[in-house]
Amino acid sequence: MLLRMSTLFLRTLRDDPADAEVPSHRLLVRAGYIRRAAPGGFTWLPLGYRVFRNVERVIREEMDAMGAQEVHFPALLPREPYEASGRWTEYGDNLFRLKDRRGADHLLGPTHEEVFTLLVKDLYSSYKDLPVWLYQIQTKFRDEARPRAGLLRGREFTMKDSYSFDVDDAGLDKSYAAHRDAYIRIFDRLGLDYVIVSAMSGAMGGSKSEEFLHPTNIGEDTFVRSAGGYAANVEAVATVVPDPLPVEGLPEAHVEDTPDTPTIETLVEVARQLFPDAGYTAADTLKNVVVTLVHPDGGREPLVVGVPGDREVDLKRLEAQVAPAEVEPFAEFEAHPLLVKGYLGPQVLGADGPAGIRYLVDPRVVPGTRWITGANEPGRHVFDLVAGRDFTWGGVIEAAEVLPGDPAPDGSGPLELARGVELGHIFQLGRKYADALDLRVLDETGKLVTVTMGSYGIGVSRAVAAIAESTHDELGLAWPREVAPADVHVVATGKDASVFGAAEALAQELVAAGLTVLYDDRQKVSPGVKFKDAELLGMPTIVTVGRGLVDGVVEVRDRATGERQEVPVADAAARVLAAVRS
RNA sequence: CGGGGUGUGGCGCAGCUUGGUAGCGCACCCGCUUUGGGAGCGGGGGGCCGUGGGUUCAAAUCCCGCCACCCCGACCA
């Protein structure tokens with residue numbers, strides 16, 4: 001394949017586009033790989049589309065190699081399956097919905113658990129047919145509140161998603177492991193760094209789940225890891241629960257005047273004045289935060305979350321716990337006179353308590369722990385309020401923020417926090433969708449059993465951006481060989497016909513050897529421009545045919561390392577082939 | 001959806017305060033020169049000034065609404 005720059009549909013930009021912030025977006029636009037075409041939607045230009053298809057090819061090869069089979073669905077889907085699974089409502093505003101001329105509801109698929117489930121149900125009905133692994137590489141539509149960062153978060157994006165169908169849990173474990181292995185091979189081939197972290201299954205439902213995160217500070221996900229190898233999405237971090245303490249011998253709870261202490265900071269200050277010897281810190285206080293849960297059906301429910309005062313409530317962690325409900329700030333204090341803003345204490349809380357509000361606490365609140373907390377009247381707090389003796393709660397919830405230095409739940413050391421881009425996500429869905437859509441098969445004994453499922457996604461277009469993020473330098477893009485739009489960039493510099501003749505011959509020789517060659521055959525373009533373009537476009541190998549030609553040499557340069565060598569013209573093709581196949 | 005910012009040729013920007021012929025650099029076209037690090041000179045083409053309404057003799061400029069984009073938060077591959 002020969003791509004001539006003189007006719008390639010390409011225009012590189014000298015200046016960075018003003019609306020692009022992250023490097024991948026900036027460079028992909030500047031190098032003429034993509035153009036924005038709609039809010040959160042991009043057009044793939046010839047070079048960009050070649051990268052896209054290479055990423056797709058790697059994924060497809062590995063999916064096929066593991067034994068998964070590709071299918072293709074319509075983009076426009078009927079409402080009913082999503083109604084049956086509950087996601088017509090649960091997916092909320094992120095779902096693109098539309099009506100046809102008869103008024104029937106449709107949607108643009110944001111993810112495809114339902115239709116895959118129905119497809120298998122349509123054709124299979126015996127345990128002998130299972131397991132089966134199906135996948136698609138298709139456009140997904142999500143009406144994101146805020147598309148951003150170019151390809152990293154669009155409203156329309158390409159995703160590879162696969163689904164496994166098994167008769168039992170052991171089978172699901174195997175399907176899950178097979179996908180996990182395939183994902184490792186895929187991301188290794190794509191040259192992407194990744195961390196596999198434990199995750200919440202979130203809106204998809206189900207149990208076990210891991211994410212493949214590409215560590216980068218522009219990532220939207222926060223994850224933790226320990227030196228000992230623990231890694232988890234911050235939403236999924238389990239707090240190390242202390243042992244309960246004996247209640248015997250603890251002092252009685254006592255209420256103190258603590259005027260003007262609506263915040264933890266002011267409260268700790270006053271507590272220290274009252275009891276200078278106690279050494280109180282924010283961690284000795286119990287902060288009770290009221291939120292409103294908004295359920296998918298629109299129902300609203302107040303909830304109080306109790307966390308140690310040295311920590312904020314992490315809304316992402318909280319929402320992950322209460323999904324599919326959403327969390328809003330509580331604004332109805334007038335309607336709940338028992339809730340004293342700033343001085344809220346557990347004494348009135350609990351579904352059976354006077355306020356009739358559900359009360360959940362951080363796992364660190366174990367029986368026997370002593371707390372300073374609100375006395376439910378302005379300017380007063382209660383001290384030595386002992387958990388389990390003086391107050392109870394309706395359950396524990398992982399809603400407190402995770403702080404650097406917190407212990408890993410598996411004892412592998414203190415946690416550090418980092419950011420990452422979610423490249424892939426694998427779930428053990430279990431029977432949620434099979435139940436909802438009644439996907440059952442006959443087992444060996446002739447009994448109907450519900451199929452158990454897994455779902456496994458990779459953001460294809462996002463992976464292109466992630467590769468650009470991780471491989472670019474100050475000069476431009478620098479593609480790994482596996483995904484580069486061409487194997488080699490042949491640059492002819494100068495005006496001498498012999499230069500273009502030699503460059504053309506080299507390009508043709510490389511094409512004949514099976515390479516894809518990007519050939520800068522533009523006349524009357526100065527060498528500086530061609531070099532800048534070559535660096536911006538980022539083919540892994542750049543061959544310059546120019547002034548060295550009078551001495552019989554060309555320059556072969558590695559884009560990523562910058563290493564360059566003068567090579568006799570006659571050896572140039574062999575040298576390039578060796579580099580490409582190394 | 002909340003907060004902040006920005007919308008003027010393909011890209012980057014000035015003009016708006018103080019209303020009156022739409023401008024600069026890059027890119028594009030033509031000619032000549034130039035050819036190893038985003039060339040020079042000369043000549044060109046291209047813009048419903050995001051959009052709808054209002055004020056005014058007159059609106060890119062002033063007022064109101066909407067839309068889009070970017071950033072920070074809330075949601076996801």
Side-chain angles (χ1 to χ4, degrees), chain A residues 11-22 25-26 29-30 32 35-36 38-40 59 91-95 110-112 137-162 183 199-200 202-204 211-214 218-221 233 235 291 294 314-316 318-320 323-324 326-329 420-427 455-466 475-476 491-496 499-500 522-536 544-549 555 564:
Chain A
R11 187 111 297 151
T12 58
L13 306 177
R14 186 186 296 235
D15 299 308
D16 284 332
D19 60 355
E21 192 71 16
V22 300
H25 186 196
R26 189 158 39 82
V29 170
R30 195 150 90 78
R35 295 292 292 173
R36 195 192 82 90
I59 295 171
Y91 226 95
D93 290 336
N94 265 18
L95 192 63
T111 174
H112 289 73
I137 298 177
Q138 287 191 230
T139 306
K140 307 284 172 172
F141 300 87
R142 293 182 192 171
D143 192 355
E144 295 283 346
R146 183 184 154 210
R148 51 177 294 237
L151 254 27
L152 283 173
R153 176 186 209 67
R155 299 209 296 176
E156 192 178 325
F157 58 96
T158 304
M159 180 166 138
K160 186 290 301 179
D161 50 332
S162 35
Y183 276 35
M200 299 289 297
M204 301 297 166
E211 290 171 333
F212 288 69
L213 294 184
H214 174 63
I218 62 155
E220 300 181 272
D221 285 78
N233 190 300
E235 292 168 13
V291 296
V294 182
D314 182 328
L315 282 179
K316 281 194 169 186
L318 175 57
E319 288 212 324
E326 291 180 3
V327 177
E328 282 184 8
V421 168
E422 186 178 355
L423 298 170
H425 200 158
I426 54 180
F427 296 95
S455 104
Y456 318 89
I458 293 178
V460 179
S461 38
R462 176 179 283 182
V464 173
L475 297 172
V491 178
T493 67
K495 56 179 176 179
D496 198 309
V499 166
F500 284 90
R522 292 175 296 176
Q523 309 281 333
K524 297 183 179 178
V525 172
S526 71
V529 171
K530 291 189 174 185
F531 292 145
K532 291 291 185 198
D533 274 347
E535 283 145 359
L536 176 61
T544 305
V545 181
R547 68 177 178 198
L549 195 61
E555 181 188 277
R564 52 179 87 194

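Here the structure is a predicted model, which means the values were calculated and not measured. Each chain gets a letter, A, B and so on, in the order its sequence line appears, and its residues count up from 1.
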Just to be sure I understand the rule, does A:Gly457 reach a base, reach only the sugar-phosphate, or reach nothing, if contact means heavy atoms closer than 4.0 Å? nothing
Write down the distance separating the P atoms in B:rA14 and B:rC24, rounded off to the nearest Å. 16 Å
From the set B:rC13, B:rA77, B:rG25, return the single nucleotide nearest to any side-chain atom of A:Ala18. B:rC13
Verdict with supporting geometry, A:Lys140 and A:His112, side chain to side chain contact (heavy atoms under 4.5 Å, CB included): CA-CA 9 Å; A:Lys140 307 284 172 172; A:His112 289 73; 2.5 Å; yes
Checking all strands, does A:Arg36 fall into the base, sugar-phosphate, or nothing category for heavy-atom contacts under 4.0 angstrom? sugar-phosphate
Using the C1' atom on both, measure B:rU8 against B:rA60 and round to a whole Å. 7 Å
Between B:rG36, B:rG37, B:rC11, which nucleotide gets closest to the side-chain atoms of A:Lys532? B:rG37
Using a cut-off of strictly less than 4.0 Å, decide whether A:Ser526 has a side-chain nitrogen or oxygen near OP1 or OP2 of B:rU35. no
May I ask you to say what A:Gln138 touches in the nucleic acid, namely base, sugar-phosphate or nothing, with a heavy-atom cut-off under 4.0 Å? nothing
Between B:rU18 and B:rA58, how far apart are the two C1' atoms, rounded to whole Å? 16 Å
Distance, rounded to the nearest Å, where A:Arg547 contributes CZ and B:rG36 contributes P: 7 Å
Rounded to whole angstrom units, what separation is found between the CZ atom of A:Arg26 and the P atom of B:rC69? 20 Å
Could you work out the separation of B:rU61 and B:rC49 based on their C1' atoms and round it to a whole Å? 10 Å
Is there a Watson-Crick or G-U wobble partner for B:rU17 with both distances under 3.5 Å, and which nucleotide is it? none
In whole angstrom, give me the gap between the C1' atoms of B:rG53 and B:rC11. 32 Å
At less than 3.5 Å, do the side-chain atoms of A:Glu535 and the base atoms of B:rG37 form a donor-acceptor pair? yes
When every non-hydrogen atom of A:Leu423 is compared with those of A:Ala463, the smallest separation belongs to CD2-CA, 4.4 Å
Could you tell me whether A:Asp533 contacts a base, only the sugar-phosphate backbone, or nothing, with contacts defined as non-hydrogen atoms closer than 4.0 Å? base
Closest-nucleotide 5' rank along RNA chain B - winner of A:Asp221 and A:Lys524: A:Lys524
Under 4.0 Å between any heavy atoms, over every strand shown, what does A:Gly154 touch: base, sugar-phosphate, or nothing? Just pick one. base
Once you round it to whole Å, what is the distance between P of B:rG73 and CD of A:Glu220? 10 Å
Please give, in whole Å, the distance from B:rC76 P to A:Asp161 CG? 16 Å
Nucleotide B:rC69, atom P - distance to NE2 of A:His25 in whole Å: 11 Å
Using purine N1 to pyrimidine N3 plus N6-O4 or O6-N4 for Watson-Crick, or N1-O2 and O6-N3 for G-U wobble, each under 3.5 Å, what pairs with B:rC32? B:rG40
Heavy atoms only, 4.0 Å cut-off, all strands: where does A:Val29 land among base, sugar-phosphate and nothing? nothing
Min side-chain heavy-atom separation A:Gln138-A:Thr158 under 4.5 Å: no
Would you please determine if the base of B:rG36 is stacked by A:Phe531, with stacking meaning a centroid separation under 5.5 angstrom and planes under 30 degrees? no
If we only count heavy atoms from C-beta on, is the A:Thr544 to A:Phe531 side-chain gap below 4.5 Å? yes
Separation of the C1' atoms in B:rA74 and B:rC1, to the nearest angstrom: 8 Å
Side chain A:Arg142, main chain A:Pro110, donor-acceptor under 3.5 Å: yes
For a quick check of understanding: with a heavy-atom distance under 4.0 Å over all strands, which category does A:Arg155 fall into, base, sugar-phosphate or nothing? nothing
Need the pair for B:rC62. Rule: Watson-Crick or G-U wobble, both distances under 3.5 Å, any strand; none if unpaired. B:rG54
Can you tell me the distance, in whole Å, between the CZ atom of A:Phe157 and the C1' atom of B:rC76? 7 Å
Which nucleotide, if any, forms a Watson-Crick or G-U wobble pair with B:rA27, using both distances under 3.5 Å? none
Is it true that a side-chain atom of A:Arg564 and a backbone atom of A:Glu555 form a donor plus acceptor pair closer than 3.5 Å? no
Hey, does A:Thr158 reach any base, or is it just sugar-phosphate, or nothing, if we go heavy atoms under 4.0 Å? nothing
Compare the minimum distances between each of B:rC76, B:rG10, B:rU35 and the side chain of A:Arg35, then state the nucleotide with the smallest one. B:rG10
What is the base-pairing partner of B:rG7, counting Watson-Crick and G-U wobble geometry with both distances under 3.5 Å? B:rC67
Determine the interatomic distance between P on B:rG9 and the same-named atom on B:rG47; round to the nearest Å. 11 Å
Atom pair distance, as rounded to whole Å: CD in A:Glu21 and P in B:rU6: 15 Å
Determine the minimum heavy-atom distance between A:Thr493 and A:Gly546, stating which atoms define it. OG1-CA, 3.3 Å
Please measure how far the P atom in B:rC13 lies from the corresponding atom in B:rG52, and state the result in whole Å. 25 Å
Tell me if a side-chain donor or acceptor on A:Tyr183 pairs with a main-chain N or O of A:Tyr456 at a distance below 3.5 Å. yes
Rounded to whole Å, please give me the gap between NZ in A:Lys495 and P in B:rC32. 13 Å
Taking only N and O in the side chain of A:Arg11, is any of them less than 4.0 Å away from OP1 or OP2 of B:rC11? no
